[in-house]
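Have a look at the structure below, then the notes.
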Amino acid sequence: MVEPSFAERSLVNHRDYLINGNIVTSNAVSVTETEVWTADGHRIAYDYLVIATGHADRVPKSRSERLYQFEEDNEKIKSARSILIVGGGPTGVELAGEIAVDFPDKKITLVHKGPRLLDFVGSKAADRTLKWLESKNVVVKLEQSIDLNSFRDGQKIYHTSNGETIVADCHFLCLGKPLGSAWLNETVLKNDLDFLGRIMVDDQLRVKGRSNIFAIGDITDVPEIKQGFAAQQHADVVVKNLKMMMGRGRDHSQCRMETYKPQLAMAIVSLGRKDAVAQLPFLTIIGRAPGLIKSGDLFVGRTRKQMGLNPNIVPGSSLTRY
């Protein structure tokens with residue numbers, strides 16, 4: 001939203017890379033042993049099923065609508081003198097960093113309910129991130145929340161849970177989204193969810209106790225930091241296993257299935273255009289070095305290349321095969 005043209009590369013129509021598949025744009029509402037039901041009445045039969053519903057996030061369906069949303073948010077940023085960001089996870093931190101670097105004259109306040117930023121990483125990474133943001137004049141308020149239930153458009157005064165008053169021309173909500181598993185609660189998979197709503201999977205990423213249903217991404221109970229590159233590794237393992245199983249027909253007993261090993265505790269969070277903070281298994285670093293890995297492109301070029309698309313598409317041009 002800080003750079004709308006970036007969305008031209010990051011928003012991809014499924015049809016541009018899934019050229020031989022049947023795409024149904026609808027919410028899944030139920031699943032049986034043999035079918036998935038959708039909100040608009042489709043009943044889709046399956047021999048093998050992969051559930052990758054991630055987090056429940058209300059976003060526009062079409063690419064053009066999402067691009068328009070990014071442009072609207074960009075105009076909101078450019079026209080504001082003061083901005084409130086609610087949530088100090090990776091999304092809130094990266095947004096604050098981008099605005100602070102691209103629009104250094106704007107007053108930015110970030111409010112986070114936790115005792116430190118980036119709860120999912122270690123304290124060293126969180127502390128260094130806080131110092132970096134403060135060096136860019138971002139005001140960070142920890143262990144506080146904002147009540148937006150009574151918010152009205154045009155409102156510029158916000159109240160924190162500690163009784164503080166924040167004046168801002170606009171706000172952005174960067175809180176974690178609920179898991180996209182509620183639709184499974186009344187299905188044959190209702191007993192395959194843990195107490196957090198995650199799908200319990202085995203080492204082959206199959207739903208535990210089931211031979212033909214897999215789950216990948218944030219919705220699984222795999223003990224690791226939930227990140228895009230980990231979800232890609234999930235997909236690679238499941239693709240190999242599906243190929244193996246389909247090649248064996250109905251007899252899966254002799255299949256040598258690929259197993260998934262949870263990722264080590266690694267994370268990279270961008271800080272503006274060129275910097276980033278990286279938590280590695282035995283090291284935490286911040287600055288240009290980790291920024292070279294992620295901040296310049298946010299892995300979009302690599303992801304597009306994996307999809308068979310041109311990684312360096314010029315904004316406004318038509319999508320082409322790579």
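Positions are given from 1 along the sequence.
A salt bridge is absent between Glu98 and Lys136; no separation between the charged side-chain nitrogens and carboxylate oxygens falls under 4.0 Å. With salt bridges taken as basic N to acidic carboxylate O contacts below 4.0 Å, one links Arg273 and Asp102. Using a 4.0 Å cut-off between a side-chain N of Lys or Arg and a carboxylate O of Asp or Glu, Glu75 and Lys78 qualify as a salt bridge.
Within the 4.5 Å cutoff, side-chain heavy atoms of Ile146 are placed close to those of Thr160. At a threshold of 4.5 Å between non-hydrogen side-chain atoms, the residues Thr129 and Val269 do not count as touching. Counting only heavy atoms from C-beta outward, the side chains of Asp169 and Lys156 approach each other to under 4.5 Å. Between Leu118 and Pro90, some side-chain heavy-atom pair lies under the 4.5 Å cut-off. For the pair Glu71 and Asn74, the minimum side-chain heavy-atom distance is 4.5 Å or more. The shortest distance between side-chain heavy atoms of Ile199 and Leu184 falls below 4.5 Å. Ile83 places a side-chain heavy atom less than 4.5 Å from the side chain of Cys170.
Around atom NZ of Lys124, no more than 12 heavy atoms belonging to other residues, nucleotides or ligands sit under 6.0 Å away. Within 6.0 Å of the CZ atom in Phe229, the count of heavy atoms belonging to other residues, nucleotides or ligands exceeds 12. Heavy atoms of other residues, nucleotides or ligands lying less than 6.0 angstrom from CD1 of Ile157 number 12 at most. Surrounding NZ of Lys76 are more than 12 heavy atoms belonging to other residues, nucleotides or ligands, all under 6.0 Å away. Other residues, nucleotides and ligands contribute at most 12 non-hydrogen atoms within 6.0 Å of the NZ atom of Lys107. Within 6.0 Å of CD on Glu65 lie more than 12 heavy atoms contributed by other residues, nucleotides or ligands.
The CD atom of Gln279 sits 11.5 Å away from the CD1 atom of Ile285 when rounded to the nearest 0.5 Å.
Under a 3.5 Å cut-off, the side chain of Arg206 and the backbone N or O of Asn212 do not form any donor-acceptor pair. Formation of a donor-acceptor pair under 3.5 Å by the Arg43 side chain with backbone atoms of Glu35 is not found in this model. Of the possible donor and acceptor atoms, none in the side chain of Asp275 sits under 3.5 Å from a partner among the backbone N and O of Gly291. In terms of modelled atom types and a separation under 3.5 Å, the side chain of Tyr46 and the main chain of Glu33 share a donor-acceptor contact. The main-chain N or O of Arg15 is never found under 3.5 Å from a side-chain atom of Asn13 such that the two would form a donor-acceptor pair. Ser30 places no side-chain N or O within 3.5 Å of a backbone atom of Trp37 that could act as its donor or acceptor partner. In this structure a side-chain-to-backbone donor-acceptor pair under 3.5 Å is missing from Glu258 to Met244. Formation of a donor-acceptor pair under 3.5 Å by the Asp147 side chain with backbone atoms of Asn149 is found in this model.
Listed by chain and residue number, nothing satisfies the ring pair (Phe, Tyr, Trp, His ring centres under 6.0 Å) test with His55 (two or more places apart in sequence, or in another chain). The ring pair (Phe, Tyr, Trp, His ring centres under 6.0 Å) check on His234 picks up Tyr260, with sequence neighbours excluded.
Screening residues 107-147 for ring pair (Phe, Tyr, Trp, His ring centres under 6.0 Å) gives no qualifying pairs among residues at least two apart or on separate chains.
Counted by atom type alone, Gln144 and Glu164 present one or more donor-acceptor pairs between their side chains at under 3.5 Å. Between the side chains of Asp73 and Gln69, no donor-acceptor pair of N or O atoms lies under 3.5 Å.
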